[in-house]
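So that the names make sense, note that chain A is the first sequence line, chain B the second, and so on, each numbered from 1.
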There are 2 protein chains.
Amino acid sequence: MAVTLKEVAELAGVSRSAVSRTFTDGASVSARTREKVEKAAKTLGYKPSLIARSLATNRTKLIGLVANNFQNPAFLDVFDLFTSELQKRELRPLLVNLSAETSPKKVVELLRQYSVDGVIVATSTLPTSFAIAFQTAGIPVIHTFGKFQANANVHVVGIDNDYCGAMAARTFSERGYSTVALLGGPETATSTQDRSAGFQRTAAELGLKVAKVCFAENYTYKAGRDAMRDVLKDPEVEAVFCGDDLICMGAMDAARDAGKSIPEDIGFLGFNDIGMAGWDAYALTTIRQPIRDIIMSSVELVVGMVENPGRSPEIRLFPCSVIERGSLRPLPEAG
Amino acid sequence: MAVTLKEVAELAGVSRSAVSRTFTDGASVSARTREKVEKAAKTLGYKPSLIARSLATNRTKLIGLVANNFQNPAFLDVFDLFTSELQKRELRPLLVNLSAETSPKKVVELLRQYSVDGVIVATSTLPTSFAIAFQTAGIPVIHTFGKFQANANVHVVGIDNDYCGAMAARTFSERGYSTVALLGGPETATSTQDRSAGFQRTAAELGLKVAKVCFAENYTYKAGRDAMRDVLKDPEVEAVFCGDDLICMGAMDAARDAGKSIPEDIGFLGFNDIGMAGWDAYALTTIRQPIRDIIMSSVELVVGMVENPGRSPEIRLFPCSVIERGSLRPLPEAG
DNA sequence: AATTTTTTTGCAACCGGTTGCAAAGTTTTT
DNA sequence: AAAAACTTTGCAACCGGTTGCAAAAAAATT
């Protein structure tokens with residue numbers, strides 16, 4: 001069915017190598033040969049087979065994209081940006097939905113079998129060891145949204161979660177809150193752990209009482225709503241720092257359900273700044289994570305790794321900022 | 001770096017074919033040979049290269065997944081289901097983000113170059129001709145969420161949009177509304193056109209006045225909010241049928257912003273039943289589209305096509321149903 | 001035990017490209 | 001016009017598997 005190199009070579013009256021070279025960037029072909037080949041290729045509708053090329057060059061132009069959070073709208077942006085950014089560079093994403101795949105080990109095997117050129121692990125709920133498994137298998141890997149360590153042994157692109165936790169504590173303190181709660185994302189996520197640490201440490205420093213610490217089971221509205229019921233048992237809580245906007249929205253609805261009004265009776269601070277955070281019904285004050293920068297940088301880095309595998313592990317962190325809307329008391333007037 | 005067939009064959013003391021056969025389902029190998037090979041493979045950590053296999057067998061186990069709607073939360077389900085459903089069958093999704101890709105023609109070329117075994121085009125905003133282009137190129141294709149025609153020439157899996165439009169009109173009529181509006185999705189989407197047709201025809205039959213027909217520019221909250229401002233100019237509109245839940249939520253907020261309360265002053269009927277539709281802040285009455293059934297069926301069909309390319313085009317439609325929440329007047333008591 | 005049937009095995013060609021190398025062809029230099 | 005330097009080209013081997021075919025081995029039949 002498909003037209004091959006050989007047929008084009010025959011029609012153009014040149015060798016197979018000549019045809020191959022016309023379709024390879026930077027190869028040496030004379031203008032006359034190129035013209036003949038291009039004409040023949042056009043006539044036959046020839047396009048080189050990327051599979052065959054991959055076998056010969058040992059490059060597939062496939063980038064594995066491993067995620068386990070297909071429920072959260074925050075990931076829509078991630079997918080959109082990843083795919084379009086890869087496409088711009090003539091690369092393709094090979095998606096792996098980790099929630100469905102049995103073991104992480106299998107995922108590594110699988111992507112190795114497909115000879116992906118690189119892998120982006122986009123999740124904060126997996127340990128660093130997962131990303132390292134790719135590295136051990138000789139596959140360039142970036143742990144996006146991952147936990148960074150001073151003695152990095154794997155590329156990490158994301159944010160400083162500890163610092164963001166501290167930022168949340170400061171945000172509460174500046175607005176005059178004195179007793180607050182933490183309603184984090186899944187407890188096993190490294191992002192949750194780091195934010196929690198930063199939040200509690202800074203709260204202590206600022207004399208802010210953290211009356212309650214709890215965690216939602218996953219990044220969903222429902223999990224947030226359920227966990228919030230627990231927080232509401234404690235009447236002294238004036239504001240809640242949530243590990244994710246979706247969780248936060250669930251928590252807000254639980255609070256409203258209990259007759260509280262926002263921000264008068266209770267304040268909420270979200271995380272991520274997903275599109276919905278700006279909707280009138282929630283008007284969420286939240287800490288924005290610069291997804292776009294993170295993704296672009298991850299793609300750039302993985303491409304760099306492919307070109308230069310020896311590159312030493314890098315940590316790239318992007319700043320987050322508080323987006324002021326209506327779910328917290330306003331800052332007191334300066335002066 | 002990677003271990004090859006040849007090395008395994010040498011270690012096991014058998015021919016390359018024997019190794020190949022141990023890793024090919026249904027091939028003939030004796031128990032003793034298989035054992036020797038498996039032992040050698042384990043020692044060396046061998047896994048067959050899928051690229052090489054693809055070249056030889058002309059099957060890649062890659063399924064192209066073309067989408068152009070990465071903004072809508074409804075697509076999270078789509079991605080999740082598609083990827084996990086493909087994974088169960090040992091297939092991989094090769095994602096194409098159409099919004100970023102220049103021309104549809106290029107997409108066909110691209111997926112052909114990667115020799116995908118099949119393609120699922122998951123969008124209602126592209127004409128049937130797009131799906132047909134794959135077919136012409138000899139690639140099995142399913143148009144999921146596509147427009148179906150009596151004389152089908154391409155597989156379509158989805159819903160009967162005309163019928164759903166009619167269902168919306170009946171829903172309004174049953175609840176005693178007499179003057180309504182249609183706030184559809186993008187006007188170029190075939191789903192919008194069909195729903196609109198069914199809605200208006202049935203409204204006319206039921207004596208329901210459609211005072212206003214307009215369309216959101218895309219499937220977003222903002223587009224819904226903007227378009228709703230136009231609808232609000234007409235004070236006689238009692239209820240609005242929206243082309244998508246996200247659009248509907250935007251529209252609801254525009255209405256509330258104008259001081260209307262829901263459902264007392266104005267009613268809303270959404271479409272899709274995304275997770276957020278159930279949130280307290282919206283409690284959207286909406287027409288549920290059975291995404292899960294549609295996706296599972298699409299995957300099953302594309303697999304069937306790969307196995308039997310001669311298969312004649314099929315149309316698979318799934319029923320939708322009204323999910324009653326709080327954005328419409330209740331049904332009058334029976335009797 | 002000899003013959004027939006069935007199963008297993010290795011050989012070698014093939015899938016559709018790339019690429020190092022040396023020969024052939026051009027262009028530049030002397 | 002010959003020599004030197006540079007380009008272009010085709011040959012042939014290779015990437016890592018699969019598979020039809022015939023020979024070899026094993027099992028079943030007589």
Side-chain angles (χ1 to χ4, degrees), chain A residues 1-38 40-41 44-62 90 109-117 138, chain B residues 1-38 40-41 44-62 90 109-117 138:
Chain A
M1 183 91 210
V3 185
T4 73
L5 199 67
K6 201 173 145 198
E7 301 168 52
V8 177
E10 276 161 14
L11 180 61
V14 297
S15 74
R16 291 162 60 226
S17 333
V19 180
S20 172
R21 289 185 177 114
T22 4
F23 288 96
T24 311
D25 292 334
S28 136
V29 234
S30 68
R32 199 162 63 253
T33 309
R34 153 156 276 135
E35 202 181 339
K36 279 193 290 184
V37 171
E38 279 174 350
L44 299 172
Y46 169 79
K47 294 277 165 174
S49 152
L50 295 182
I51 298 294
R53 176 177 288 174
S54 298
L55 184 58
T57 59
N58 205 24
R59 285 283 178 89
T60 52
K61 298 202 162 212
L62 290 174
E90 312 221 287
E109 249 347 297
L110 196 123
L111 289 170
R112 206 177 62 138
Q113 283 193 273
Y114 268 107
S115 320
V116 294
D117 288 347
Chain B
M1 182 92 211
V3 186
T4 74
L5 200 65
K6 201 174 144 196
E7 302 168 49
V8 178
E10 278 162 12
L11 180 61
V14 298
S15 73
R16 290 162 59 226
S17 333
V19 180
S20 173
R21 287 185 178 114
T22 15
F23 288 96
T24 311
D25 291 334
S28 137
V29 235
S30 68
R32 199 161 62 251
T33 309
R34 153 158 275 134
E35 202 182 339
K36 279 193 288 182
V37 171
E38 279 174 350
L44 299 171
Y46 169 78
K47 294 278 165 174
S49 151
L50 295 182
I51 297 294
R53 176 177 287 174
S54 297
L55 183 58
T57 60
N58 206 23
R59 285 282 179 87
T60 53
K61 299 202 162 212
L62 290 174
E90 312 224 285
E109 250 344 300
L110 196 123
L111 289 170
R112 206 177 60 140
Q113 283 193 273
Y114 269 106
S115 319
V116 294
D117 288 347

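- Atom CG in B:N58 sits roughly 11 Å away from atom P in C:dG17 (whole-Å rounding).
- For the atom pair A:S115 OG and A:N58 CG, the distance stands at 6.5 Å (nearest 0.5 Å).
- We find that CD1 of B:I51 is positioned 13 Å from C1' of C:dG17, with the value rounded to whole Å.
- For A:R16 and C:dG17, a side-chain-to-base donor-acceptor distance below 3.5 Å is present, hydrogens and geometry of angles not being considered.
- A straight line from NZ of B:K6 to P of C:dA12 spans 15 Å, rounded to a whole angstrom.
- Rounding to whole angstrom units, CZ of residue A:R59 and P of C:dG16 are separated by 24 Å.
- One distance of note links CD of B:E38 with OG1 of B:T33; it measures 11.0 Å at 0.5 Å rounding.
- Side chain of B:S28, nearest nucleotide from C:dT9, D:dG10, C:dA12: C:dT9.
- A salt bridge links A:R112 with A:E109: at least one charged nitrogen is closer than 4.0 Å to a carboxylate oxygen.
- Between D:dG16 and A:Y114, no contact under 4.0 Å exists linking OP1 or OP2 to a side-chain N or O.
- Taking every side-chain heavy atom of B:S20 into account, D:dT19 is the closest of D:dC15, D:dT19, D:dT9.
- Of the candidates C:dC11, C:dG16, D:dT9, the closest approach to any side-chain atom of A:L55 belongs to C:dG16.
- The distance between atom CZ of B:F23 and atom P of D:dG16, rounded to the nearest whole Å, is 16 Å.
- Distance B:L5 CG to D:dC15 P: 12 Å, rounded to the nearest Å.
- For C:dG17, the base has no donor-acceptor partner in the side chain of A:R21 [N/O atoms by modelled type, under 3.5 angstrom].
- Atom CG of residue B:L11 and atom OH of residue B:Y46 lie 13.0 Å apart, to the nearest 0.5 angstrom.
- Using a 4.0 Å heavy-atom cutoff across all strands shown, A:V29 reaches sugar-phosphate atoms only and no base atom.
- Remark: side-chain polar atoms of A:S20 are not paired, donor with acceptor, to backbone N or O of A:R16 under 3.5 angstrom.
- With distances taken from any side-chain atom of A:S49 to the nucleotides C:dG16, D:dT18, D:dT9, the minimum falls on C:dG16.
- One can place CD of A:E10 at 13 Å from P of C:dG16, the figure rounded to the nearest angstrom.
- Considering only side-chain atoms of A:T33, the nucleotide from C:dG17, D:dT19, D:dT8 that sits closest is D:dT8.
- Taking atom CZ of residue B:R112 and atom C1' of nucleotide C:dG16, one finds them 14 Å apart after rounding to whole Å.
- Not a single donor-acceptor contact under 3.5 angstrom links the side-chain atoms of A:S54 to the base of D:dC15.
- If A:T57 and B:R32 are placed on DNA chain C by their nearest nucleotide, the residue sitting closer to the 5' end is B:R32.
- In the set D:dT19, D:dG10, C:dT8, the nucleotide with an atom closest to the side chain of B:S30 is C:dT8.
- Each of B:A52 and B:S15 was assigned the nucleotide of DNA chain C with the nearest heavy atom; the assignment lying further toward the 5' end belongs to B:S15.
- With a 6.0 Å radius and a threshold of 12 heavy atoms from other residues, nucleotides or ligands, B:E35 has its CD atom at or below the threshold.
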